[in-house]
**Q** 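Can you read through this structure? Questions will come right after.
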Amino acid sequence: MKTAILGPAQRAEALARMAERELDILVVGGGVVGAGTALDAATRGLATGLVEARDWASGTSSRSSKLIHGGLRYLEMLDFALVREALKERGLLLERLAPHLVKPVPFLYPLQHKGWERWYAGSGVALYDAMSVSSGHGRGLPVHRHLSQKRALRVAPCLKRDALVGALQYYDAQMDDARYVATMVRTAAAYGAQVANRARVVGFLREGERVVGVRVEDVEGGGDYEIRAQQIVNATGVWTDDTQALIGERGQFHVRASKGIHLVVPKDRIHSTTGLILRTEKSVLFVIPWGRHWIVGTTDTGWDLDKAHPAASSADIDYLLEHVNEVLATPLTRDDVEGVYAGLRPLLAGESDATSKLSREHTVAHPVPGLVVVAGGKYTTYRVMAKDAVDEAVHGLDQRVADCVTEDVPLVGAEGYKALWNARARIAARTGLHVARIEHLLNRYGSLTEELLELVVADPSLGEPLAHADDYLRAEAVYACTHEGARHLDDVLTRRTRISIETFDRGTRSAREVAELIAPALGWDDDQVEKEIAHYRKRVEAERESQRQPDDLTADAARLGAPDIVPL
C-alpha cells in the first residue's frame, strides 16, 4: 500500500476530484468518527470523500483525556454491553490496528474503607479484566493487583498516607487523540478516499426529498464546490444539530454538549510511577501519565455556548485542583499548571438534565433519503460507530457492497513498527540521533518515521530539537505540513504536536521558529508569517484571559476575543 501524503497540493486536488464526479459516500466531519467512517467506506471499495470545516480533530477529538478504555465506571451502571464492546476495541487497537500509537498505562485506585470496598472494587476490576480477556484481544495487558497501603505508597509516593488504606492497580491504554485522527485520515486517503480539511459545508443539495450532495466553501482558497454523493454521512459530533439544521429537518435525536477540562502539569510535580483514578461526588478524576507531564481531568458540566472554542473558567481549574489535592501530599497550585484545555463530549440527549447521566451509547439514523446521521458514543468505540454508519448508508446504494474489514486494517505506520522498535539502537547509530529520540519518533509515527528521517538527511538542521520545545525535532514541524495536512501555525503547535499545552509559555516562544520552518511548505511570504504568529499569540492570550474568569459566560466571552483563523 502506498502511503498518502496530505500536503497543500494534495488537498487542492482532492477538492477538485470530489467535485468532478458523484461519490458513493461523502463524510462530513473530520473527527475520530468521521475519519473512521471514511476509512471504513474506502476499505469496502466505495468512492469516498471526507470534508472538515477546520483542522482534522480540531473539536472534541483533540481535547479528550487521551484514553482508550473500556469504561470501568460503566460496570457500576451495569452497562456490560458497552464495556465489553469497548474492551474488545481497546485490545484491537493495542495489538493490531495501532500498536505504534496506543500504549498500555497503569492506574492506581486508592481504597478508603477497609473490608467491603476492597471486595466491591476488586470484584469490578476482576470482571473488567475477565471481560477483556474474553473479548479475544485483551491478553497483552497485565491483570489487576491488590496493594497494601505500604506497597501503594511505594508505587505512588505522592499520595497522603491518610488518603488510602490500600489500593488496586489495573491497566488501560492511552494515545495522542489528535495524532490518531490525522493518522487515520492518511490511512483512508491511502485506500483511495479524497480528503480535505478547511472545507466547510454551507448547505445541502436536494432533489425532491432526497439529499444528493453538499455545497462546500474552501476556507483556504475561497472557492466554492458542489460535491455530489449517493449518501452523505453527518459525523459532526457536537455540531450534529447545527448540521441537520442546514437541511431544515428536525433530527430524530438531539446531541447535547458536556464540557470537560484538563490540566497539564510537569512530571516532577507528582511523584508516582502510575496513573491515578479518584472518585469525586459527580464522576471520576484521572491523573494520567503523559510523557514528561501529567494530565489531570476531567470535569463534566453542560455547555451551550461557543462550540468551536469551549473555555475553561477559573472555577473549572479550581475544581480540579481542589479534588486532586485531597489526596496529594504536596498540593498542586496554579503556578504548577503548564497547560489547560477544554473539550465537549457529544452526548445523546436523554430525560435527565445531568450530563453525566446522558447516554454514552451511539445512534445511527437515516432521517431523509440520502442522509445518514451518526452521533454519541466514545472515542474508544469509534470503529464500531463508523461500521454502523456505513452499514446504514449502504442500504441507500444501488450496488452490492462488501462487509466491514477495518478490524483487520492497521493504520499507516503500524506495519513494521515492532521490527523498527527492536532496531531502534541501530537506527540511532545510523542517524546520529539519541535512541530516546528514535523511540519518541517511533511512538508518534511508527514505520513512517523513515519518511521523517529522510527530511533530516536532506537538511541536517531539521534533526535539531525546537529551541523552546525540545521534546520535538524541527523536522516534525515541517512534516506536519508536508505530509499530515497542517495548514496553519495553530495546527502544528496545538494538534500535530502538543507544544501549546506542554510548555509554560503555551507555545508562544516556539511560534516564530515553527512559523519560519513551515513557511516554505505552505507558500507563505513574510507578511503571512507575521500574521500567523500574531494570531497564535492572540489565541493564547484569549485562552489565558478566559481561565481567569469566574464562570462559563465570562470565560466564553474572553475566549472569543481572538479570531478563529488567519485568512491567507
Side-chain angles (χ1 to χ4, degrees), residues 4 6 14 18 23-53 56-61 85 89 92-93 97-98 177-178 180-197 199 201 204 211 213-214 216 227 229-240 243-244 253 255 346 348 361-367 370-397 401-409 411-412 485:
L6 303 184
M18 283 189 273
L23 300 168
D24 294 322
I25 289 181
L26 175 69
V27 184
V28 181
V32 69
V33 176
T37 302
L39 176 59
D40 188 296
T43 52
R44 298 195 199 199
L46 297 171
T48 304
L50 171 65
V51 292
E52 158 60 37
W56 306 122
S58 57
T60 303
S61 296
E85 180 180 78
E89 295 303 308
L92 276 171
L93 297 175
L97 303 185
D177 47 10
Y180 192 96
V181 172
T183 304
M184 187 154 50
V185 171
R186 288 188 70 184
T187 308
Y191 283 103
Q194 301 297 328
V195 303
N197 55 354
V201 171
F204 284 83
V211 173
V214 297
V216 170
I227 301 175
Q230 291 188 47
Q231 292 288 311
I232 311 292
V233 177
N234 176 5
T236 52
V238 294
W239 286 272
T240 297
T243 308
Q244 289 296 100
F253 52 83
V255 175
L348 297 179
E361 301 280 359
H362 69 271
T363 295
V364 176
H366 217 139
L371 179 67
V372 171
V373 184
V374 56
K378 49 191 292 221
Y379 201 111
T380 303
T381 56
Y382 79 86
R383 196 192 63 82
V384 179
M385 297 175 67
K387 173 186 178 299
D388 290 349
V390 178
D391 282 347
E392 182 65 32
V394 161
H395 293 314
L397 297 180
V401 179
D403 292 336
C404 172
V405 296
T406 53
E407 193 170 313
D408 297 305
V409 178
L411 300 193
V412 291

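Note: hydrogens, waters and symmetry copies are ignored here, and every other heavy atom, side chains too, is used.
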**Q** How many angstroms lie between OG1 in T48 and CG in L26, if you round to the nearest 0.5 Å?
**A** 9.0 Å
**Q** Mind listing the closest non-hydrogen atom pair of V33 and A235 along with its distance?
**A**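 In terms of heavy atoms, the two residues are closest at CG1-CB, 4.2 Å.
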**Q** OG1 of T380 to CE of M385: how many Å apart, nearest 0.5 Å?
**A** 11.5 Å
**Q** What I'd like to find out is whether the side chain of V201 reaches to under 4.5 Å of the side chain of I232, using heavy atoms alone.
**A** no
**Q** To the nearest 0.5 Å, what is the distance between OG1 on T37 and CD on E392?
**A**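 One gets 12.5 Å once the value is rounded to the nearest 0.5 Å.
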**Q** Which pair of heavy atoms, one from V409 and one from L97, lies closest together, and at what distance?
**A**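 Closest heavy-atom pair between V409 and L97: O-CD2, 3.6 Å.
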**Q** Atom NE2 of H362 and atom CG of L348: how far apart are they, to the nearest 0.5 Å?
**A** 9.5 Å
**Q** Can you name the closest pair of heavy atoms from A393 and I25 and give their distance?
**A** CB-CD1, 3.9 Å
**Q** Restricting to non-hydrogen atoms, name the atom on T243 and the atom on F204 that form the minimum distance, rounded to 0.1 Å.
**A**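 Looks like O-CE1, 3.6 Å.
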**Q** Does the side chain of K378 reach to within under 4.5 Å of the side chain of E85, using non-hydrogen atoms?
**A** no
**Q** Can you tell me how far the SG atom of C404 sits from the CZ atom of R383, to the nearest 0.5 Å?
**A**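 With rounding to 0.5 Å, SG (C404) is 5.5 Å from CZ (R383).
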**Q** G237 and T240: which non-hydrogen atoms are nearest, and at how many Å?
**A**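 Minimum heavy-atom contact is O-OG1, 2.5 Å.
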**Q** Quick one: does S61's side chain have a donor or acceptor within less than 3.5 Å of a partner on V32's backbone?
**A**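 Yes; at least one donor-acceptor contact below 3.5 Å.
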**Q** Hey, mind stepping through W239 and V28 against side chain to side chain contact (heavy atoms under 4.5 Å, CB included) and telling me if it holds?
**A** CA-CA 11 Å; W239 286 272; V28 181; over 6 Å; no
**Q** Please round to the nearest 0.5 Å and tell me the distance separating atom OG1 of T406 and atom CG of D40.
**A**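 Answer rounded to 0.5 Å: 5.0 Å.
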**Q** Show the numbers, then the answer: is there a salt bridge (charged side-chain N to carboxylate O under 4.0 Å, His left out) between K387 and D403?
**A** CA-CA 9 Å; K387 173 186 178 299; D403 292 336; over 6 Å; no
**Q** Between N197 and G485, which heavy-atom pair has the shortest distance, and what is it?
**A** ND2-O, 2.9 Å
**Q** Could you walk me through whether M18 and V216 satisfy the side chain to side chain contact (heavy atoms under 4.5 Å, CB included) test, starting with their C-alpha distance in whole Å, then the side-chain angles of each, then the deciding distance to 0.1 Å, before giving a yes or no?
**A** CA-CA 10 Å; M18 283 189 273; V216 170; over 6 Å; no
**Q** Side chains of Y382 and L39: closer than 4.5 Å at any heavy-atom pair?
**A** no
